Amino acid sequence: MDVGENGGPVVELRSLSKSFTEKKTGRELEVLDHLDMEVRQGRFTCVVGPTGCGKTTLLRLIGGLEVPSSGEVRFEGRPVTGPGPQRGMVFQEYALFPWRTAVRNVTFGLSLKGIPHKEARALADEYLETVGLTGHEDLYPRELSGGMKQRVAIARTLAALPRILLMDEPFASLDAQTRNGMQEFLVDLWRRTGTSIVFVTHLVDEAVFMGQEIVGLSRRPARVVRTFENNLPYPRSRTGAEFTELRARILEYLAVEMSE
Amino acid sequence: MDVGENGGPVVELRSLSKSFTEKKTGRELEVLDHLDMEVRQGRFTCVVGPTGCGKTTLLRLIGGLEVPSSGEVRFEGRPVTGPGPQRGMVFQEYALFPWRTAVRNVTFGLSLKGIPHKEARALADEYLETVGLTGHEDLYPRELSGGMKQRVAIARTLAALPRILLMDEPFASLDAQTRNGMQEFLVDLWRRTGTSIVFVTHLVDEAVFMGQEIVGLSRRPARVVRTFENNLPYPRSRTGAEFTELRARILEYLAVEMSE
Amino acid sequence: MRKWKYISPLVALGLWQLLAMVGVLGRTPSPVDVAEGFYDLIVTGLPPGYYLQWHLLASLERVLVGFAFALVLAVPLGILMGWSRGFDTVMDPLVEVVRPVPPLAWLPLAVIWFGIGIFSAAFMIFLGAFFPILLNTITGVKSVDPHLVEAARTLGARRRAILLRVLTPGAMPSIITGVRIGIGIGWMTLVAAEMTGVKSGYGLGYLILTARDIARYDIVVAGMVVIGVVGFLMDRLVKYAEKRLLGWM
Amino acid sequence: MRKWKYISPLVALGLWQLLAMVGVLGRTPSPVDVAEGFYDLIVTGLPPGYYLQWHLLASLERVLVGFAFALVLAVPLGILMGWSRGFDTVMDPLVEVVRPVPPLAWLPLAVIWFGIGIFSAAFMIFLGAFFPILLNTITGVKSVDPHLVEAARTLGARRRAILLRVLTPGAMPSIITGVRIGIGIGWMTLVAAEMTGVKSGYGLGYLILTARDIARYDIVVAGMVVIGVVGFLMDRLVKYAEKRLLGWM
Amino acid sequence: TPGCGKKESTNVVKVGYLRSDLHQLAYYVAREKGFFTEEGLDVKEGGVFNAGPEEMSAFSAGELDMGYVGSAPAVTFAAQDMVDIQIVAQVNAAGSSIVVRSGLEAGDVSALKGRTVAVPGHSTVQDFLLRLALKEAVLEENEINIITLKPPETIAALGSGQVDAFVAWEPYPQIAVVQNAGWVLENSSEIWPHHPCCVLVVDRDFASRNPDTVRRFVAAHVKATQYINDNPLEAADMGHLFTGQDSDAVEAAMGNIEFVYKLNVEGLERYVEFLKEIGVVKVESAESFCDTLIDQQFLPREN
Ligand SMILES: Nc1ncnc2c1ncn2[C@@H]1O[C@H](COP(=O)(O)OP(=O)(O)OP(=O)(O)O)[C@@H](O)[C@H]1O
Ligand SMILES: Nc1ncnc2c1ncn2[C@@H]1O[C@H](COP(=O)(O)OP(=O)(O)OP(=O)(O)O)[C@@H](O)[C@H]1O
Ligand SMILES: [Mg+2]
Ligand SMILES: [Mg+2]
């Protein structure tokens, strides 16, 4: 697949605002403030921003798990009204069903669609193969390492045939080695499947290693500070001069924005 | 204080081995294998190594929280037989008493020594000032941010007047920004107080930013692969060429060792 | 350490016998008396011809019926209450006021409603078992990681699937704890339950009450020992089932 | 949502009255009957001259005495059992066998041991309250983060300080849960406790039994309502105390 | 204490009785009419009990000096050595009935064949009465289903047809009648005339230290018993107050109870013999056991 190929916008956020009422104080907390953003078909988009700026909220709005206070979220041209299997979510905490084995986590979405047990199982086995987990199908989540859990979560989401993958700091609780491995794995997977991906992180390194587009958010209330294009060819090196240069540029830019 | 000033060895590990019996399988698990190491008076020593190699076990042996299977742990020339306030431990999980306010966490060790309440409180206030927490004395741990908790834990340990500080990945659960701040704070504190520090981490960056000596451990069973001297002057920059060069050198060296 | 496991009941028995022999226990039967009571229960029966094993079986039957009703009603209700905040708000005060009423206080009504025989006994046991199962189910459902529900929703699950495939299995550990407590308390309601009258003349609680009426304290204590040991064994059984059922934990 | 809070008891009451008026409840008193029973209890008393408030006070006194003993014994024992594996291994089987014995089964022995009056009633309530407090204390101590104990040791704490300054406060949330359950179950043991015979002629359990003897089911239910409501209030009280005591949580 | 050798009688008596038991009306009458006070006694209520066994346990615990109680618990607890008491006076004789549920035709006891009959407790006087009645009707015990149920529950069970008949002490039979739940098939005096029922007992140690007190207490009891017999209408009112039961039922029940203080020694022996037969008490001979258990010296001499 040609990584450079891009379609039209798959997700459009139009003047999107979201605020929460704090339970204790009753204060209004503005998290997103008239945010505009587009995600293009088939691209790997990374969203970076400081802790607590509203990255998770943004992703949940796209996923349909939150309702906007004002503005609009559109997916493939139609307004989002709730969660659905077209928009697959991968959570930081894996969110695997602990009482189901790896393969039965993957079949969860399949059997909801009414796919018969045997067929679902065969499909699930395929997806587990895709994420390199053949041989571990019958282990329970607690028997899997962090990286393996993350792969099962991805396989489970892929099996629902989403047209976009929304990932919320999925690698945050992995140790550095495993995390690097998962980044490489995800890039590889994306290049093979061609799904659109929105990947939220607070690590600029991670964004630069994976993303074609890197959307920098401001402190809360979040606005899009700037979108960086990253045309480095895949597979990327973490130590190359261009990598280091882009990383430093983004860090600096964000730092200036932050210190305002 | 002159950072270069070094005394004799304060901790000596001689042919230290430790193995655990796994509860489920009953197998013997070798964690440390005839490890030799010295920690010199007043130095900032960092220990790096891959996940699960035995870093925590090593630190717990020095702290007297584990008993060696064979070999010896000496502190100031005398064999270690159990924990004691001379060797202060700072745990990754903060280990603050959640039912005590910040200041009462610090007075815990003081009142054990029989120091009267008022005096202990005054001393604790001083230590909290040292770690920059004046004004937050009466907050409970759950009301403090991760970085603040870590500072209280350090103040609590310092108040017991330890002759060495043993720190086990204390910054691992902090986010990147806070973590950087804490690293700077710790270096600063160490330069002001001159205590010996053994700091365990699995991030080479962190070790290079802080340590005068960086002890690299192998995979389990852990041996000392090599000790790097780091004479970069304080305060160090994270982006300088020398920093990047040393970091890359250590990473490469460890990577080679690891891949064997 | 394992061999010390049975030391405390043995030491307790020895001490008890010693105190009885020294005479400080007065009319409390000694372990030897109780052993004789056991012998009588097994050989002669109380009332004569009514043997221990049938007393035990009759009680077990009552407890199981009462417990089964509690299980079948408390789990679905608990899942609904744990899931729907509105339903919980509405039902909670009722539950909280009925809960502290002692099963024994229901005795007069139980007899009016269910007559004598297994159903009124089972009703009292039901009352004992119902609330622990209900409360644990509610807690269990509430403690299911909300991310799991959200994950299920993004995978296309709707209400029915969320209830049956996410909340129910997610609450299972807590439900099983509730079952353990519930069956224990149901069993503890036994004596009260059998005060509703037994048609068959069998039942451990009935046995204890009869023995008390005729001042056979040795048999009273023997009956208590049987209740205690069986209660202990039931608890172990549920614990064992729990281990098998919750293999994934 | 808050205004729906009292809807379920009201709806339940309405339904109950309706069913009674239609006649399907047979001898079960209707809410109006129960209200009349309340009136009688407050104005005439049962037995005549023995008013509701004194019944309530007498019961509260018994429950508090039994509960206080349970608290004072269960907490230290639980802390020791939670802390020392050996002690736990030795004591556990004894606890586990005595625990399922119904308080009511102890009735005959309670009277021999403590005579009549407050102590034998309190003993039965003690039995109800003791085990939940004990088990929760053990669980609480065992669930104290071992890092806290290690941290305390590296700060120079020895056994005494570990027990009193680390394990006890660390187990406090669980202990308080035990106290809540314990006082609830103690209260639920009330009717059984007051079957030991009362000297004063007062007590809610005694009241219910008296009313049952003379087939005043309206008063039986009125007594149950009082027990239920007071039990509910006691629970709220402990919950409130818990919030204040565990401000750090 | 006996060791002191003093025989100075106390005026204080801790007494126990059963709640709502019409048989023990004499206690209430003696108290309300001031007969105890007239005898210079300070009677303290040591305990009000739900059932006889608890009252006997209270004697075991040394909490009571004297008590009104059924002969069943008195005899069984004494035979098991759980208490050391003496029976010093009768409280009542007769006063139980066999009641059959409404709608059930029954000419006599033999009609109970195949039916469910409730007794208040295994080996109670009522249990014995039922067995006697069965013997008379030439029925084997296994030809009916005897169950144990306390009288308050029994009436509810009778009303709902759960039991076909029951044997109980007054006023429960009359309450069943008043509530239209059943009708009296036979009064216990027809089964066993003047059979003993409730008795007045004293702690043996208390009696030996305070014989005069016991004598005065018995005197008050005798006075009260006579008062009941002399003033049946007022007594019925007091019975209503004492038990809280329906006054019509109490009035009807009073007619079936013989309030007597003279001990029916022979009757008690017969009852003990029965207990011995069914293995509830293990005594050498009923006669010698009753000899030691019963002490008539406190009763007024006949003249
Ligand atoms: N349900 C909610 N109710 C109230 N406040 C909320 C809620 N969800 C999020 N917030 C607040 O909104 C802000 C943004 O939260 P969000 O989780 O989106 O940040 P984030 O960028 O994902 O942070 P992080 O990097 O820590 O994950 C935070 O201050 C948070 O406390
Ligand atoms: N008490 C114990 N019983 C059995 N095995 C243990 C015990 N403590 C540690 N281990 C094992 O010893 C090995 C080393 O553990 P240790 O915690 O020292 O590693 P580490 O280097 O600190 O790892 P990390 O970077 O993940 O903190 C691991 O495999 C661990 O499972
Ligand atoms: Mg987030
Ligand atoms: Mg570690």
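Each chain gets a letter, A, B and so on, in the order the sequences are listed, and its residues count up from 1. Side chains are part of it too, since the values below use all heavy atoms of this structure and drop only hydrogens, waters and symmetry mates. None of the values given here were measured: they were computed from a predicted structure.
When each of C/Leu94, C/Val98, C/Val95, C/Leu233 is checked for heavy-atom pairs under 4.5 Å with chain D, C/Leu94 comes out on top. Your options are D/Gly231, D/Pro93, D/Ala211, and the one with the most heavy-atom pairs under 4.5 Å with chain C is D/Pro93.
Heavy atoms of D/Ala105 lying under 4.5 Å from chain C belong to its backbone as well as its side chain. For C/Val11, no part sits under 4.5 Å from any heavy atom of chain D, backbone or side chain. Both the backbone and the side chain of C/Ala192 come within contact range of chain D, with heavy atoms under 4.5 Å apart. Neither the backbone nor the side chain of D/Ile181 comes within less than 4.5 Å of any heavy atom in chain C. Using a 4.5 Å cut-off between heavy atoms, D/Arg99 touches chain C through backbone and side chain atoms alike. Contacts between C/Met234 and chain D at a heavy-atom distance below 4.5 Å are absent for every atom of the residue. When heavy atoms are compared at a cutoff of 4.5 Å, C/Leu107 approaches chain D solely by way of its side chain, counted from C-beta outward. No part of D/Val226 comes within reach of chain C, as not one of its non-hydrogen atoms sits under 4.5 angstrom from that chain.
Residue C/Phe131 places its CZ atom among more than 12 non-hydrogen atoms of other residues, nucleotides or ligands, all under 6.0 Å distant. Enclosure of atom CZ in D/Phe38 by more than 12 non-hydrogen atoms of other residues, nucleotides or ligands within 6.0 angstrom is indicated.
Within the 4.5 Å cutoff, the side chain of D/Asp235 has no heavy atoms near those of the C/Pro100 side chain.
Separating the CG atom in D/Leu109 from the CZ atom in C/Arg212 is a distance of 12.0 Å, to the nearest 0.5 Å. For the atom pair C/Leu104 CG and D/Thr189 OG1, the distance stands at 10.0 Å (nearest 0.5 Å). For the atom pair D/Ile208 CD1 and C/Trp106 CH2, the distance stands at 10.5 Å (nearest 0.5 Å).
Taking each heavy atom of D/Met188 and C/Val101 in turn, the nearest pair found is CE-O, 4.0 Å. The shortest non-hydrogen separation linking C/Ile112 to D/Thr28 is CG2-OG1, 4.4 Å. Residue C/Pro102 comes nearest to D/Trp187 through the heavy atom pair CG-O, 4.3 Å, listed as atom of the first residue, atom of the second, then distance.
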(Q) The test is side-chain contact (heavy atoms from CB on, under 4.5 Å); show your working for C/Ile185 and D/Ile185 and say whether it passes. (A) CA-CA 10 Å; C/Ile185 296 193; D/Ile185 296 195; 4.2 Å; yes
